[in-house]
Amino acid sequence: MRILTFLALAAALSAAEQTTEQRVDAAFNAFNKPDSPGCALAVLKDGRIAYQHAYGQADLSYDIANSPSTIFHTASISKQFTAAAVILLALDGKLSLDDQVRKYIPELPDYGAPLTIRHLIYQTSGLRDQFNLLGLNGWRNGADLYTEADVLSIAFRQKHLNYVPGQHHSYSNTNYSLLGLIVKRVSGQSLREFTSARIFGPLGMKHSFFRDDHTEIVKNAAVGYAPKGKGFMLSGPQYDTVGPSGLLSSVLDFALWDENFYKPVVGGPAFVREMLQRGKLADGTQLEYAAGLQVTTYRGLPMVGHSGGDPGYRGDVIRFPEQHFSVVCFCNTVGVRPDVLTRKVADIYLSAAMKPAATVVSKDAPVIPEAKLRSLAGLYWNHEGDEVRRVSVRDGKLFITPSGSTQAVIPTGENTFLGSGANPIEFRFEPVSGSARPRLVDIRALSDPQIFMPAEEFKPTAEDLKQYAGRYHGEELDPVYTIAVKAGKLYFIRDKFPDAEMKPTVRDVISGNGRDLRFVRDPDGKVTGLILSQPRTWGIRLTKLSGSELK
């Protein structure tokens, strides 16, 4: 016991003796290896680089280490630059953010409701997500080439929106592809040319640009990887399309952009105000989402940032404007959570100004009786997106299964719970008139709250399963999809992808592999079609093909 006490004391003293930089480096230990990809980091304070470092390898084949000047694919961190280009054009008087999108893109269907540039910027358009749509159409992200023509073709084919523009906030990459197209048509330059001339050039960001040709050779660029077994395999986006993604940059370059929010060389104060202006829904609800940026708080401090993730790459950038402090982290592997790492770094530097971490259970956290927890267990259903949440209880703890991944949640009040991670999901249970069970409200970043009503679990008979089996097709997508029964289980089958098992949830709804299918019946009860939904793509209508249509 004395030995253990001594060792614990020695460890505590050792930790206390660590420098700030050593504590930062310790957060990246898992990736600071000669046989692993990793990350580059820049810590920014008062307009200067307070700390810069890199971890792991940029290229495992040639043992080239990452460095702060290494160039990374930044994925959705790109969106703020696409929004910035549009805002610069608005300040130039070349367009208005309240202009109808079809003024510049007449190929887009008329959805019967005003759809403006602001709707695109603030992710309130209702447009279905391009990557969901291309995946449903047969493209495999990371394996197949995505071109601008592919994206626009599938976007222009959609006859319906997820919802009336302005009614909800849901993240859709299509919004930013259309913004990039607007920049091209209004300025006469590609998004790459415009941003290089108006943003990257003036700021001295010599190693930043939108890569609109995936075959282009880029010196000092990190290779993308994904975990495979005990090692790694090559992984990377095959994109010849930009707007929602496609920006290449380094953490050192990004420091120059970050300082523009304090001393705006590009755009001036009006530009900064527009970039940080948060969107609103039609009912006046203010969003956290601004111009490709999320304006929120972390441990009591105002924070602005955005993360990014594509095959082979992850990144996160956070800024604390009141402290003039930022953390930039780009990584060349999908097996990392840079959003967790940036916040760990912020914790090290800003802990004295921060409130206690919300994800830590305090001694004052309520203890919920297990009987109360069990009264919450069961299935919950959101009709708009046909999504389900399963709530269960194990060992006196509540678990919620959103989108296929079960997570334990901790109580923060009698009817409120918090998930885990850097951006924890909040769950709230609210009473429903005439129901013994409450409804579940799912509150998450980059989406307005989703309401899930209590529902009864559907247990189909063999005859029910037989009715669902068949082939389905719709005008908004190319493939014919097959629903098949194998060994008493339902499967969703399509070319180029493994068969996906689908499990029954509520009546006539089956879910699996990130999608939900709701079968449609005619007045006689015969299954005539289905409605296919994914988290960012709702309500695609497919018709069940008859024998004559299959010939």
Q: Quiz question: by atom type and distance under 3.5 Å, do the side chains of Asp258 and Ser326 form a donor-acceptor pair?
A: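 Yes - a donor-acceptor pair under 3.5 Å links their side chains.
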
Q: Can you sort out the partners of Cys39 under disulfide (SG to SG under 2.5 Å), two or more places apart, ordered by chain and number?
A: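 Result, disulfide (SG to SG under 2.5 Å) vs Cys39: Cys331.
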
Q: For Trp139, check side chain to side chain donor-acceptor pair (under 3.5 Å) against everything at least two apart and list the hits.
A: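 Testing Trp139 for side chain to side chain donor-acceptor pair (under 3.5 Å), a comparison that skips the adjacent residues, returns none.
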
Q: What pairs with Tyr491 under ring-ring contact (aromatic ring centres under 6.0 Å, His included), at least two apart in sequence or on another chain?
A: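 Partners of Tyr491 by the ring-ring contact (aromatic ring centres under 6.0 Å, His included) criterion come out as none, since no residue qualifies.
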
Q: Could you check whether Glu259 pairs with Arg48 (Lys NZ or Arg NE/NH1/NH2 to Asp/Glu carboxylate O, under 4.0 Å)?
A: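 So Glu259 does not pair with Arg48 through a salt bridge.
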
Q: Is a side-chain donor-acceptor pair under 3.5 Å present for Asp347 with Tyr298?
A: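 Asp347 and Tyr298 do have a side-chain donor-acceptor pair below 3.5 Å.
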
Q: Taking only residues two or more places apart in sequence or in another chain, which ones pass side chain to side chain contact (heavy atoms under 4.5 Å, CB included) with Val151?
A: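 Per chain and number, Val151 pairs via side chain to side chain contact (heavy atoms under 4.5 Å, CB included) with Gln130, Leu134, Ser177, Thr241.
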
Q: Consider only side-chain N and O atoms of Thr147 and Asp240, and report whether a donor and an acceptor are under 3.5 Å apart.
A: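 Not at all, the side chains of Thr147 and Asp240 share no donor-acceptor pair under 3.5 Å.
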
Q: Ser69: which residues meet the side chain to side chain donor-acceptor pair (under 3.5 Å) condition with it, sequence neighbours left out?
A: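 Side chain to side chain donor-acceptor pair (under 3.5 Å) check on Ser69 returns Ser67.
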
Q: If you take the centroid of each ring, where Trp contributes its six-membered ring, are Tyr55 and Phe31 closer together than 6.0 Å?
A: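 No, they do not, as the ring centres are separated by 6.0 Å or more.
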
Q: Answer with yes or no whether the side chains of Arg128 and Gln158 bring together a donor and an acceptor at under 3.5 Å.
A: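 There is such a pair (donor and acceptor under 3.5 Å, judged by atom type) between the side chains of Gln158 and Arg128.
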
Q: List in chain and number order the residues that pass salt bridge (charged side-chain N to carboxylate O under 4.0 Å, His left out) with Asp150, two or more places apart in sequence or in another chain; answer none if no residue qualifies.
A: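 Listed in chain order: nothing, the list is empty.
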
Q: If you measure from the Lys or Arg side-chain nitrogens to the Asp or Glu carboxylate oxygens, is any gap between Asp395 and Lys397 under 4.0 Å?
A: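 Here Asp395 does not pair with Lys397 in a salt bridge, since their nearest N and O are not under 4.0 Å apart.
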
Q: Could you walk me through whether Leu41 and Phe28 pass the side-chain contact (heavy atoms from CB on, under 4.5 Å) check?
A: CA-CA 10 Å; Leu41 172 73; Phe28 290 83; 4.0 Å; yes

Q: Can you check whether Tyr51 and Tyr349 have ring centres sitting under 6.0 Å from each other?
A: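 Ring centroids of Tyr51 and Tyr349 are no less than 6.0 Å from each other.
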
Q: Using the ring-ring contact (aromatic ring centres under 6.0 Å, His included) criterion, which residues pair with His214? Sequence neighbours excluded.
A: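 None.
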
Q: Of all residues at least two apart in sequence or in a different chain, which pass the ring-ring contact (aromatic ring centres under 6.0 Å, His included) check with Phe200?
A: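 Phe200: ring-ring contact (aromatic ring centres under 6.0 Å, His included) contacts with Phe81.
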
Q: Please say which of Asn162, Asn173, Thr537 ends up in a side chain to side chain donor-acceptor pair (under 3.5 Å) with Asp129.
A: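 Of the listed residues Asn162, Asn173, Thr537, the side chain to side chain donor-acceptor pair (under 3.5 Å) partner of Asp129 is Asn173.
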
Q: I'd like to check the ring-ring contact (aromatic ring centres under 6.0 Å, His included) partners of Phe320; sequence neighbours left out, ordered by chain and number.
A: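 In terms of ring-ring contact (aromatic ring centres under 6.0 Å, His included), with neighbours along the sequence ignored, Phe320 is linked to no residue.
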
Q: For His73, which of Phe330, Tyr313, Tyr225 qualifies under ring-ring contact (aromatic ring centres under 6.0 Å, His included)?
A: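 Only match with His73 under ring-ring contact (aromatic ring centres under 6.0 Å, His included): Tyr313.
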
Q: For Leu44 and Val327, run side-chain contact (heavy atoms from CB on, under 4.5 Å): C-alpha distance rounded to whole Å, both residues' side-chain angles, the deciding distance at 0.1 Å, then the answer.
A: CA-CA 6 Å; Leu44 316 175; Val327 185; over 6 Å; no

Q: I'd like to know if the side chain of Thr342 pairs up with that of Asp316 as donor and acceptor (distance under 3.5 Å, no hydrogens or angles considered).
A: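 Indeed, the side chains of Thr342 and Asp316 share at least one donor-acceptor pair under 3.5 Å.
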
Q: Indicate yes or no: does Glu457 engage Lys503 in a salt bridge with an N to O separation below 4.0 Å.
A: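 Between Lys503 and Glu457 there is no salt bridge, as every charged N stays at least 4.0 Å from the carboxylate O atoms.
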
Q: Can you find a side-chain donor-acceptor pair between Tyr176 and Ser76 that sits under 3.5 Å?
A: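 Ser76 and Tyr176 do not have a side-chain donor-acceptor pair below 3.5 Å.
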
Q: Under 3.5 Å, is there a donor-acceptor pair linking the side chains of Asp310 and Tyr239?
A: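 Side chains of Asp310 and Tyr239: pair found under 3.5 Å.
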
Q: Can you tell me which residue among Arg494, Lys489, Lys486 is in a salt bridge (charged side-chain N to carboxylate O under 4.0 Å, His left out) with Asp499?
A: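 Testing Asp499 for a salt bridge (charged side-chain N to carboxylate O under 4.0 Å, His left out) against Arg494, Lys489, Lys486 leaves exactly one candidate, Lys486.
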
Q: Do NZ/NE/NH1/NH2 and the carboxylate oxygens of Arg428 and Asp442 come within less than 4.0 Å?
A: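 Between Asp442 and Arg428 there is no salt bridge, as every charged N stays at least 4.0 Å from the carboxylate O atoms.
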
Q: Ion pair present between Lys496 and Asp144, side-chain N to carboxylate O less than 4.0 angstrom?
A: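 Judged by the 4.0 Å cut-off on N to carboxylate O distance, Lys496 and Asp144 do form a salt bridge.
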
Q: Are a donor atom and an acceptor atom from the side chains of Asn32 and Asp25 found within less than 3.5 Å of each other?
A: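 There is no such pair between these side chains.
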
Q: Name all residues meeting the side chain to side chain contact (heavy atoms under 4.5 Å, CB included) criterion together with Val506; count only those two or more places apart in sequence or in a different chain, and write none if there are none.
A: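 Here the qualifying residues are Leu379, Trp381, Ala455, Val509.
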
Q: Tell me, please, which residues at least two apart from Asn175 pass side chain to side chain donor-acceptor pair (under 3.5 Å).
A: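 Only Gln123, Ser125 meet the side chain to side chain donor-acceptor pair (under 3.5 Å) criterion with Asn175.
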
Q: For Gln80, check side chain to side chain contact (heavy atoms under 4.5 Å, CB included) against everything at least two apart and list the hits.
A: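 Side chain to side chain contact (heavy atoms under 4.5 Å, CB included) list for Gln80, sorted by chain: Ile77, Phe254, Trp257, Met275, Leu293, His306.
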
Q: Do Arg389 and Glu387 sit within salt-bridge range, that is, some charged N less than 4.0 Å from a carboxylate O?
A: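 Looking at Arg389 and Glu387, the cut-off is met.
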
